[in-house]
There are 2 protein chains.
Amino acid sequence: MVENEIFRALADPTRRAIFEKLATGGMNASALRDGIDISQPAMSQHLAVLRSAGLVREERQGRFVNYEVDPEGLALIAQWLAKYRAYWPARIEALKVLLKDMDQ
Amino acid sequence: MVENEIFRALADPTRRAIFEKLATGGMNASALRDGIDISQPAMSQHLAVLRSAGLVREERQGRFVNYEVDPEGLALIAQWLAKYRAYWPARIEALKVLLKDMDQ
DNA sequence: ACGACAGATAAGCATGTACTTATGTGATTC
DNA sequence: GAATCACATAAGTACATGCTTATCTGTCGT
């Protein structure tokens with residue numbers, strides 16, 4: 001089950017921090033490390049989890065590996081969330097505004 | 001951090017199943033149990049986790065406790081997701097359709 | 001070809017988590 | 001008011017998870 005890996009991946013605060021940083025722009029694993037207090041193997045392991053969850057994708061560039069946000073994972077969360085749209089109250093307005101933004 | 005509790009709560013497949021069932025309509029803890037193979041204490045513990053994450057809320061009714069989906073938690077996920085709207089590709093179309101649904 | 005570098009993988013360990021059984025707490029029924 | 005019911009809590013246990021240190025793989029510069 002794909003949702004399982006996604007939510008499991010995001011359940012860890014360090015992993016969310018990595019994802020958030022990656023969302024500011026693609027970068028390699030070393031660049032990701034500074035600012036976050038984490039060892040090289042730990043980072044590598046976290047990236048592997050995020051990648052297998054479809055939240056992040058990699059691209060080899062010589063001896064560097066460039067990581068970037070994979071929209072696939074985000075889309076799956078949105079799909080999951082959409083199943084419960086019946087429970088959305090007034091916040092729908094906010095979402096509509098957001099949608100308009102995306103549309104331009 | 002609230003996001004932490006939410007994602008942690010949803011990381012467990014049993015808990016997602018409970019939430020999903022609850023999304024079909026509020027019900028008490030015993031009613032939630034049938035169909036899902038789970039002991040009474042386990043259910044109680046899962047509900048406590050979902051509740052403290054803001055995904056579910058309870059209402060005492062005599063000796064029963066009625067549970068229902070709490071929109072608060074869902075809204076927080078949506079907010080989290082919105083931070084990454086820059087990464088949404090063509091799926092925006094799908095979301096727009098969804099939005100139209102919600103709007104009617 | 002060799003050393004340095006970016007990153008992945010392996011193995012071990014400490015802590016977290018989801019379950020179990022047992023028991024506690026209120027509300028209901030007789 | 002005693003038994004029963006719905007649910008919560010406690011304590012223990014097996015397994016998952018995130019870290020560590022050590023090592024491996026592959027690429028680059030010289």
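Just so it is clear: chains get the letters A, B, ... in the order the sequence lines come, proteins before strands, and each one is counted from 1. Computation of the quantities below employed the complete heavy-atom set of this structure, encompassing side-chain atoms and omitting hydrogens, waters and symmetry-equivalent molecules.
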Using OP1 and OP2 only, check whether a side-chain N or O of A:Tyr67 sits under 4.0 Å from C:dA6. no
Would you mind classifying the nucleic acid contact of A:Ser44 as base, sugar-phosphate or nothing, using non-hydrogen atoms under 4.0 angstrom? base
For B:Ala48, the side chain to side chain contact (heavy atoms under 4.5 Å, CB included) test, sequence neighbours excluded, returns none
To the nearest Å, how far apart are [X] [atom1] and [N] [atom2]?
X	N	atom1	atom2	result
A:Leu47	C:dG7	CG	P	9 Å
B:Leu50	C:dA18	CG	P	11 Å
B:Ile18	C:dA18	CD1	C1'	11 Å

So the contacted stretch of DNA chain D, first to last nucleotide with an atom under 4.0 Å from a non-hydrogen atom of chain A, runs from D:dT17 to D:dC28
Within residues 20-29 of chain B, the residues having a heavy atom closer than 4.0 Å to DNA chain C are none
Distance col, row A:Asn4:CG vs B:Arg16:CZ, nearest 0.5 angstrom, shows 4.5 Å
To the nearest 0.5 Å, atom CG of B:Leu76 lies from atom CD of B:Glu3 at 7.5 Å
For [X], enumerate each residue passing the salt bridge (charged side-chain N to carboxylate O under 4.0 Å, His left out) test, keeping only those at least two apart in sequence or located in another chain.
X	answer
A:Arg63	none
B:Glu5	none
A:Glu59	none
B:Glu20	A:Lys83

The complete set of ring pair (Phe, Tyr, Trp, His ring centres under 6.0 Å) pairs with one or both residues in residues 13-42 of chain A, sequence neighbours excluded, reads A:Phe19-B:Trp80, A:Phe19-B:Tyr84
Contacts of A:Glu68 meeting side-chain hydrogen bond (donor to acceptor under 3.5 Å, both in side chains) (sequence neighbours excluded), chain-then-number -> A:Arg57
Just distance, no hydrogens or angles: give the donor-acceptor pairs under 3.5 Å from side chains in residues 7-15 of chain A, sequence neighbours left out.
residue, atom, partner, partner atom, Å
A:Asp12, OD2, A:Thr14, N, 3.2
A:Asp12, OD2, A:Arg15, N, 3.0
A:Arg15, NE, A:Ala9, O, 2.9
A:Arg15, NH1, A:His46, ND1, 3.3
A:Arg15, NH2, A:Arg8, O, 3.3

Throw together a table of side-chain donor-acceptor distances under 3.5 angstrom for residues 29-43 of chain B, partners on residues two or more places apart or in other chains.
residue, atom, partner, partner atom, Å
B:Arg33, NE, B:Ile38, O, 3.0
B:Arg33, NH2, B:Ile38, O, 3.2
B:Ser39, OG, B:Ala42, N, 3.2

Protein heavy-atom contacts under 4.0 Å, written 5' to 3' over nucleotides 19-30 of chain C as B (base), S (sugar-phosphate only) or - (none), form the string BBBB----SS--
